[in-house]
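Working notes, structure below.
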Amino acid sequence: QVKLVEPGGGLVQAGGSLRLSCAAPEFTGPFEQFAMGWFRQAPGKEREVVAATKWSGDATRYTDSVKGRFTISRDDPKNTVYLQMDSLKTDDTAVYYCAKDRQRRRSFVPTEIGAFNYWGQGTQVIVSS
């Protein structure tokens, strides 16, 4: 069992920044061999991928609406993935979830919900105008 912990949410003014963290402190497996992703779900909307990083860290994918504003990164020795969010907009308001790929060393960056089998509890991000 892997428990993903997501500190970092909160209330931010539009144009501001916030960094989300996703940690698996009790995970004893090869964290560095799993792709990781960030998803979000706004009220009344479907959960969507925000960003994802390949297991090897040399490839990332972002949804168009956050390109140039959000950055996903990973610190494998700490079993941690980050989402740096800059130039926040009101429509970034959502519950954000981190997730771990179900497969080791996937050859591409996964973005489909079904590719991920461990999920964080979610953290609320509210961007005010």
Closer than 3.5 angstrom, by distance alone: can the side chain of Thr123 be matched with the main-chain N or O of Gly9 as a donor-acceptor pair?
yes

Give a yes or no on whether the backbone of Cys98 and the side-chain of Tyr118 come within a donor-acceptor separation of less than 3.5 Å.
no

With a 4.5 Å cut-off on side-chain heavy-atom distances among I, L, V, M, F, W and Y, is there a chain of contacts connecting Tyr96 to Val12?
yes

Give a yes or no on whether Ile113 and Tyr97 share a hydrophobic cluster (residues Ile, Leu, Val, Met, Phe, Trp, Tyr; joining criterion: side-chain heavy atoms under 4.5 Å apart).
yes

If we count only N and O atoms by modelled type, under 3.5 Å, do the side chains of Thr80 and Asp75 hold a donor and an acceptor together?
no

Does Val125 form a side-chain contact (heavy atoms from CB on, under 4.5 Å) with Leu18? I'd like the steps, not just the answer.
CA-CA 9 Å; Val125 174; Leu18 191 66; 4.0 Å; yes

Rounded to the nearest 0.5 Å, what separation is found between the [atom1] atom of [X] and the [atom2] atom of [Y]?
| X | Y | atom1 | atom2 | answer |
| --- | --- | --- | --- | --- |
| Trp38 | Glu48 | CH2 | CD | 14.5 Å |
| Leu88 | Ser128 | CG | OG | 10.0 Å |
| Arg61 | Lys67 | CZ | NZ | 8.5 Å |
| Leu11 | Thr93 | CG | OG1 | 8.5 Å |
| Arg47 | Trp119 | CZ | CH2 | 5.0 Å |
| Gln84 | Phe70 | CD | CZ | 9.5 Å |

Pair Gln121, Glu6 - check side-chain contact (heavy atoms from CB on, under 4.5 Å), show working.
CA-CA 7 Å; Gln121 80 282 0; Glu6 299 181 34; 3.8 Å; yes

Might you point out which heavy atoms bring [X] and [Y] nearest each other, and give the distance in Å?
| X | Y | result |
| --- | --- | --- |
| Pro110 | Phe116 | O-CZ, 3.5 Å |
| Ile72 | Gly37 | CD1-CA, 4.5 Å |
| Arg102 | Arg106 | CG-NH2, 3.8 Å |
| Leu4 | Ala24 | CD2-CB, 3.7 Å |

Report the C-alpha separation of Phe34 and Gln103 in whole Å, then their side-chain angles, then the decisive distance to 0.1 Å, and conclude whether the side-chain contact (heavy atoms from CB on, under 4.5 Å) test is met.
CA-CA 7 Å; Phe34 291 93; Gln103 179 178 313; over 6 Å; no

Kindly indicate whether the side chain of [X], heavy atoms from C-beta on, has any atom under 4.5 Å from the side chain of [Y].
| X | Y | answer |
| --- | --- | --- |
| Tyr62 | Thr71 | yes |
| Leu20 | Tyr82 | no |
| Lys100 | Asn117 | yes |

Applying salt bridge (charged side-chain N to carboxylate O under 4.0 Å, His left out), can you list everything that pairs with Asp92, at least two apart in sequence or on another chain?
Arg40, Arg69

Would you please test Val109 and Thr60 for side-chain contact (heavy atoms from CB on, under 4.5 Å) and show each step?
CA-CA 7 Å; Val109 183; Thr60 57; 5.9 Å; no

How would you list, by chain and number, every residue that makes a side chain to side chain contact (heavy atoms under 4.5 Å, CB included) with Arg74, sequence neighbours excluded?
Phe31, Met36, Thr53, Asp76, Val81

